[in-house]
Q: 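Can you keep this structure in mind? I'll have questions shortly.
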Amino acid sequence: MRLDTVRLPWNSIGLLAVLLALVLLFSVLSNYFFSALTFRTLLNQIPALTVIAVGMTYVLLIAGIDLSVGSVMALCAAVAGVLLAQFGWSLWLAVPAAMLTGLACGALNGYISARWRISSFVVTLGMLEIARGGAYLVTDSQTQYVGNAVGIFGATLPGLGVSISLIIALLVVLAAQFVLVKTVFGRYMVAIGTNEEAVRLSGINPIRYKIMVFVLAGLLTGLGGVFQLGYLQSADPNAGLGLELSAIAAVVIGGTSLSGGRGSVINSFLGVLIIAVMQTGLAQLGVSEPSKRIITGVVIVAAVVFDVYREKFSFINAGKKLS
Amino acid sequence: MRLDTVRLPWNSIGLLAVLLALVLLFSVLSNYFFSALTFRTLLNQIPALTVIAVGMTYVLLIAGIDLSVGSVMALCAAVAGVLLAQFGWSLWLAVPAAMLTGLACGALNGYISARWRISSFVVTLGMLEIARGGAYLVTDSQTQYVGNAVGIFGATLPGLGVSISLIIALLVVLAAQFVLVKTVFGRYMVAIGTNEEAVRLSGINPIRYKIMVFVLAGLLTGLGGVFQLGYLQSADPNAGLGLELSAIAAVVIGGTSLSGGRGSVINSFLGVLIIAVMQTGLAQLGVSEPSKRIITGVVIVAAVVFDVYREKFSFINAGKKLS
Amino acid sequence: LLATLVACDRQEGEITITPYEAPEKPRVALITKSLANEFFISMAAGAEAHQSANADRYELVVNGIKNESDVAQQVNLVEQMMSASMDIIVVAPADSKSLLPVVKRAVDQGITVVNIDNKFDSELLSQMKLNIPFVGPDNREGAKVVGEYLAQYLQRGDQVAIVGGVPGAFNAQQRQAGFEDAMQAAGMNVVSKQSADWEQTKAAVVASALLSEHPNLKALLCANDSMALGAVAAVRQAGRTGAVQVVGFDNISAANRLIQDGELLATADQHGDQLAVFGIEYALQIFDTGAIPADRKTPVDLITSGQL
Amino acid sequence: MEKTNPLLSIRGLNKQFTVAVLQDLDLQCYAGEVHALMGSNGAGKSTLCNIISGVLTANSGDMEFDGRPHAPESLLEAEAAGIYMVMQELNLFPTLSVAENLFFKQLGVVRGENTPQKTPMSGLLVDHGALREQSYELLARVGLNNIDPAMPVSELGLGQQQLLEIARVLHYPLRLLILDEPTAALTDPQIELLFEQINMLRERGCSVVYISHRMDEIRRVADRVSVLRDGRCVATQPVTDIDVDSLIHLMAGEGAATERSLADSAKRNRHTVMRVEHLAREGVFRDVSFEIRAGEILGIGGLIGSGRTEVMRCLFGADKADSGCLRFARDNFDQRHIHDCPQNAIANGVGLVVEDRKAQGLLLRAPVADNIVLGQERRISSALCVLSSAREAELAEPYVTLLNIKYDSQQQAVGQLSGGNQQKVLIARWLSMELPILLFDEPTRGVDARTKQAIHRVLRDLVAAGNAVVMVSSETQELLTLSDRLIVMSNGRIAAEISAEEATQERILRASFRYYNDVGTSGARIDAT
Ligand SMILES: Nc1ncnc2c1ncn2[C@@H]1O[C@H](COP(=O)(O)OP(=O)(O)OP(=O)(O)O)[C@@H](O)[C@H]1O
Ligand SMILES: Nc1ncnc2c1ncn2[C@@H]1O[C@H](COP(=O)(O)OP(=O)(O)OP(=O)(O)O)[C@@H](O)[C@H]1O
Ligand SMILES: [Mg+2]
Ligand SMILES: [Mg+2]
């Protein structure tokens with residue numbers, strides 16, 4: 001199945017190159033990095049960030065932004081955590097509840113920003129504060145320990161050694177990429193991102209789709225919260241501080257344009273991998289905190305510069321013609 | 001002097017209304033809020049945020065964004081702090097050094113984003129990490145206590161009871177607004193934010209001006225760092241976490257468009273005041289942390305909604321025709 | 001992607017031998033909280049000093065998390081240290097509950113784990129049938145000591161306020177509780193308890209507000225020194241230096257200076273450097289003998305202008 | 001056709017923006033007729049069409065379509081009745097493929113033969129294969145056979161995008177088709193194609209409302225023409241019994257001369273001021289050499305995508321040429337110049353009025369004056385770079401009056417002006433720079449007859465004053481009337497240089513096709529004309 005229908009400067013070679021380069025580098029520098037074990041642990045850490053990055057990709061595609069993912073994730077995890085730990089709900093009630101919470105936050109973000117035409121930056125900035133407050137409220141600022149109740153998400157599959165969460169996350173990535181390039185909804189997102197007015201003029205109501213995108217993003221954030229809960233077996237109301245920046249970083253490294261209309265879910269996933277590999281590698285090397293920060297910063301910029309320059313020609317062109 | 005060159009939804013009445021509403025509210029709710037003391041302390045807290053918001057306004061005007069302000073401010077304060085506390089430099093050498101540091105960071109942000117055409121979001125996201133790392137390096141991750149060496153910035157003027165920093169900050173605001181609406185540079189910033197290609201094709205080099213804007217922003221961030229140092233008499237390498245969001249929030253509340261080409265420094269200042277009043281008010285009421293977060297979030301959104309709807313007509317128009 | 005995994009499995013044969021053949025020296029991983037925090041810096045420094053002094057006995061890798069509350073990242077660190085097949089993990093958990101599951105996994109994998117600085121939730125430990133020795137101070141006790149010292153400078157019924165750390169953070173709650181114990185015991189009137197997220201600037205804002213809201217406030221108790229610095233600045237701005245006492249916690253160098261200048265009344269020192277060293281010594285002991293020693297409380301010293 | 005009851009009839013239509021734009025306007029359009037709308041810029045043509053097709057709603061007045069009252073709230077409503085419009089501005093999605101743009105409204109509906117019509121997902125899934133297949137036929141109808149439906153629209157030239165816009169509506173069950181200046185971006189062969197399509201529609205009894213500023217087209221394709229002036233319909237007549245002069249009178253109100261060949265006989269000495277030598281840009285044009293002379297208008301003709309715009313951009317330094325160079329008289333041609341940015345070009349006295357005013361020319365949110373002085377702020381500011389409103393006015397006013405630019409208020413954003421007035425603002429900017437060499441890329445695109453004459457006169461005055469003017473135009477008539485010398489580009493190369501005397505429509509077209517290997521199909525079409 002050919003996933004890219006339109007030749008655009010976001011085919012994945014450049015990113016894969018960067019990723020491999022990093023893996024090689026760390027394999028050379030640390031004798032313990034290049035092992036199945038390392039990759040498994042690495043992969044089991046990313047499900048939450050992955051699904052959230054998927055949602056973020058959609059949001060950026062319609063030229064929006066979502067700063068609230070971090071605290072919304074914390075809130076959703078908190079809700080599930082409290083329901084499990086204190087009200088003794090079963091997993092199959094608590095998880096939907098958490099995802100509904102995410103959905104609600106997303107719906108609010110979408111409704112206010114799309115319907116009232118308020119910049120999503122502001123709306124989600126507000127939600128960032130509100131959801132954090134909510135997380136404190138529901139948990140009464142106490143970390144909620146749920147233990148094995150959510151174990152199944154963290155549980156690793158025999159043979160593969162990767163968690164169920166990861167499998168789900170990967171399925172989400174594929175599904176999302178499919179939706180993006182092969183469904184009407186996906187194409188509308190791209191259209192809205194580049195020329196919302198024209199969409200309106202073709203008798204399609206962009207507002208409805210924009211709200212749907214934010215709802216979807218909220219839902220995925222909720223799912224991320226559940227994964228987080230499964231991974232940590234406890235819900236910390238302070239979780240996900242600054243997650244919005246990591247998520248956006250991953251997506252933008254993946255070549256999705258912040259001005260909308262251009263992006264790919266697969267590449268966002270590669271972006272997530274790049275960030276995860278870097279974190280793990282630096283940790284295994286025991287690099288000092290300052291150097292960690294500096295290296296991280298440099299890699300983020302370098303990755304994008306590299307990607308852009310590999311595509312320079314078509315990039316500039318696009319720039320010229322689309323402006 | 002005609003400050004608005006174009007009728008746009010950012011004249012200041014709406015913001016003033018919101019500000020007054022908040023002041024009234026808190027004055028009613030707390031018996032000590034409406035006092036000279038409160039306002040003085042409040043005003044002495046904002047110089048850093050104010051000058052940084054000014055820089056941010058310029059950056060948003062040219063359709064850029066600067067996420068690095070928080071850590072760059074920390075870095076600049078740290079540099080000054082170390083030079084004063086450990087190398088015993090005089091204030092008049094340490095302060096320029098700090099501001100040069102800010103300038104350098106800004107120059108790097110501007111050069112890479114403008115010259116290499118990398119989204120400033122990515123570049124400054126990288127700088128956010130790098131500068132933080134730098135701050136840890138120079139301070140060896142230790143809060144630097146400088147004591148009265150920088151007292152003069154914090155020192156309050158007899159009679160007025162407001163600090164020198166505040167006076168400087170206010171002058172910066174006025175100067176910046178003047179530059180924006182009355183000078184060639186300001187005109188170019190708006191033009192670049194509106195249609196960079198058109199600017200280029202009328203024989204102006206937008207890149208030069210974009211770099212200048214980031215340099216200016218960096219310089220102001222450095223100044224903010226100095227103010228911070230003067231106020232706290234110590235430099236914490238962890239200072240300014242999440243400052244970028246508060247700064248952007250203030251500017252956006254002030255009605256500056258995130259897509260560039262529209263904005264006002266004065267209103268950004270009003271945005272800063274709104275945020276400061278809210279923080280102080282809530283703290284004085286001793287509101288619980290969760291409620292604080294929630295109220296803050298609601299007010300951010302509400303302020304913008306209110307401002308937009310006061311101007312609904314001209315807003316929609318702008319939206320419809322100019323999109 | 002699964003392909004890569006399978007590939008790894010195939011390679012597993014040749015590649016992952018290295019970690020599994022036991023290295024001659026035990027490899028120790030020290031996992032702290034934010035290595036941007038002076039307290040944990042000195043902890044790491046102490047550990048490294050000790051290692052270089054005993055280079056023949058063990059290897060050391062130190063890792064910290066980005067910000068105090070990033071539990072997830074700390075869990076990642078533990079896992080990464082497991083996959084880097086460490087023999088010993090000495091951890092200062094960012095949360096007393098959230099880290100237990102992964103720690104259990106580490107223990108099951110045969111890694112020796114020692115808990116420092118911030119004690120794991122004891123009932124959870126027993127529930128998990130884990131026996132992990134704890135080396136560290138009692139934050140609550142330390143805060144209590146500071147509070148009691150402050151009380152000597154106040155009259156019964158004086159108004160005091162507490163500036164707390166990130167809500168939900170274990171040591172934040174412990175220290176706040178300690179302060180409250182002391183203040184109640186001395187019959188002080190705690191007019192407000194607010195969080196300032198461990199941050200200097202936020203503390204300054206909160207403190208200023210408290211000062212103008214409570215004109216006859218007598219003292220500010222801050223859950224760490226960064227916030228104490230902010231509070232001191234606020235007091236200075238309000239021109240109430242001397243009239244309002246400020247106490248902190250951690251004894252970072254800057255706070256030390258303030259105590260000398262008399263702007264800060266007292267703080268507490270938990271000897272971070274020794275903390276890690278004790279932890280490592282303990283761990284090596286267990287690693288060699290297999291015997292699990294009892295918990296060990298490290299001293300929390302009151303720091304006042306007196307001692308300096 | 002029998003003129004019984006009209007398909008569309010409009011009575012007493014009123015539309016108010018900041019000012020009254022349409023004032024009790026009456027109009028009848030019969031089934032199977034091509035009804036031309038003419039009127040100067042800002043007369044209200046686009047507004048009228050927007051109301052008929054449901055983009056805007058009138059303040060008062062009533063419309064009847066096919067006997068039933070017609071007051072569409074939205075485009076969809078109008079389209080349900082069979083009314084479709086191709087707008088004056090492009091409404092494409094740059095990052096979507098050509099095929100997706102063509103079938104944007106039926107993305108989910110278009111299915112291939114093999115794919116089952118009724119699946120639970122039908123209407124939700126996009127069948128890219130089917131889209132692709134069905135695109136070819138539509139593209140062929142507007143002569144875009146050679147482009148790949150999977151290519152993103154952003155890579156098409158402006159003209160090609162315009163054709164795409166037209167192709168989009170052709171496959172609907174049309175009853176009334178509104179074309180708002182469809183030919184503005186088209187060259188003659190494409191226009192021929194368009195007319196074929198229009199005639200086919202007419203045969204099918206579908207009527208067409210056709211907005212254009214070009215008399216010759218109207219004559220050839222329209223049955224009747226209505227003239228709008230200041231929002232009123234001042235006349236409706238069969239094209240056969242109306243002549244250019246009276247049309248212009250109707251549009252203008254007061255008298256205005258018709259346009260006769262302006263190529264001035266007085267041959268003053270035309271010395272070369274600039275020489276283009278072997279200029280080339282990878283994949284767009286190559287080995288382009290010619291001379292630009294003071295005191296003459298050099299016209300450049302060719303088909304869409306022949307590379308004219310790209311050449312202009314390189315002369316001006318908007319893009320950098322890969323090889324070749326420019327030489328100037330000022331240093332008697334011994335320096336090799338290469339413009340790698342517009343500043344250099346301007347320093348060498350070369351200016352460019354761009355082809356795409358909205359995307360590359362104007363600050364749509366800024367008022368007229370700001371747009372005119374853009375690039376010369378230094379001239380209107382004091383030593384400290386402080387702007388002076390007085391000096392700004394001083395610099396802008398003369399050109400506002402010269403081109404009589406129509407706007408409602410000092411502060412009105414240029415984005416709210418009518419297409420033609422926007423073009424004038426852009427030209428005013430470059431006139432005010434007073435450069436010896438001016439390049440115009442489609443200077444009269446979307447400009448009404450009177451304004452067109454005004455602009456032509458401006459170009460004439462420029463050369464009369466000893467400046468050099470280069471004009472890219474896709475309108476052969478314009479090239480013929482205006483140029484002193486003609487260059488024709490074909491497929492990125494110069495195909496011919498023709499003097500004003502021996503220039504004919506025929507020769508220009510032949511030259512335009514010289515370097516296209518697929519002359520076969522389209523070539524035949526040309527011989528037909
Ligand atoms: N949204 C709007 N707000 C304010 N004025 C408008 C708006 N749209 C159009 N106008 C004004 O209405 C008048 C008619 O515009 P319209 O586009 O219909 O003219 P036109 O006949 O199409 O001109 P052209 O031939 O240049 O396209 C112009 O003066 C224009 O300034
Ligand atoms: N940014 C771009 N990307 C890809 N192809 C382009 C781009 N710009 C122009 N072209 C192609 O280069 C060729 C020359 O385009 P150009 O616009 O110069 O033609 P033109 O003669 O000016 O015709 P037009 O009337 O469309 O301006 C065309 O085939 C066009 O499609
Ligand atoms: Mg029009
Ligand atoms: Mg062209």
Q: A side-chain contact here means heavy atoms from C-beta on lying under 4.5 Å apart; do C:Thr201 and B:Gln228 qualify?
A: yes
Q: Could you verify whether a donor N or O on one side chain and an acceptor N or O on the other, from C:Ser208 and B:Gln45, lie under 3.5 Å apart?
A: yes
Q: Select one option (side chain, backbone, both, neither) describing which atoms of B:Tyr231 are under 4.5 Å from chain C's heavy atoms.
A: both
Q: Below 4.5 Å from any heavy atom of chain C, which atoms of B:Ser35 appear? Answer side chain, backbone, both or neither.
A: neither
Q: With chain B, which of C:Ala255, C:Ala238, C:Pro215 has the greatest number of heavy-atom pairs at distances under 4.5 Å?
A: C:Pro215
Q: Atom CG in C:Asp269, atom OG in C:Ser42: separation rounded to 0.5 Å?
A: 8.0 Å
Q: Do B:Phe34 and B:Phe39 have ring centres separated by under 6.0 Å?
A: yes
Q: Take B:Met127 and B:Val72, measure what side chain to side chain contact (heavy atoms under 4.5 Å, CB included) needs, and give me the verdict at the end.
A: CA-CA 8 Å; B:Met127 180 57 77; B:Val72 170; 4.0 Å; yes
Q: With no hydrogens and no angle check, just 3.5 Å: does a side-chain donor-acceptor pair link B:Ser71 and B:Ser68?
A: no
Q: Counting only heavy atoms closer than 4.5 Å, note whether B:Glu289 contacts chain C via side chain, backbone, both or neither.
A: side chain
Q: When heavy-atom pairs shorter than 4.5 Å are enumerated against chain B, which of C:Pro167, C:Ala204, C:Gly239, C:Ser192 gives the highest number?
A: C:Ala204
Q: Nearest 0.5 angstrom please: C:Asp250 CG to C:Asn171 CG, how far?
A: 8.5 Å
Q: In terms of heavy-atom pairs under 4.5 Å, which option from C:Glu263, C:Lys193, C:Gln200, C:His214 contacts chain B the most?
A: C:Gln200
Q: Which one wins on heavy-atom pair count under 4.5 Å against chain B: C:Asp225, C:Val205, C:Val206?
A: C:Val205
Q: Mind ranking B:Thr139, B:Asp236, B:Leu37 by heavy-atom pairs under 4.5 Å with chain C and telling me who comes out on top?
A: B:Asp236
Q: Select, from B:Thr280, B:Asn31, B:Leu241, the one with the greatest count of heavy-atom pairs under 4.5 Å involving chain C.
A: B:Leu241
Q: Using every non-hydrogen atom in the two residues, find where C:Pro137 and C:Asp117 come nearest and quote the distance to one decimal.
A: CD-O, 3.7 Å
Q: Tell me, for C:Ser226 versus chain B, whether the close heavy atoms (under 4.5 Å) come from the side chain, the backbone, both or neither.
A: side chain
Q: Heavy-atom distances under 4.5 Å only: say whether B:Asn44 touches chain C with side chain, backbone, both or neither.
A: side chain
Q: When rounded to the nearest 0.5 angstrom, what distance separates CD1 in C:Ile162 from SG in C:Cys222?
A: 10.0 Å
Q: Heavy-atom pairs under 4.5 Å with chain C are the metric here; pick the option from B:Val146, B:Thr41, B:Asn238 that has the most.
A: B:Asn238
Q: Highest number of heavy-atom pairs under 4.5 Å with chain B: which of C:Leu258, C:Val232, C:Ile252?
A: C:Leu258
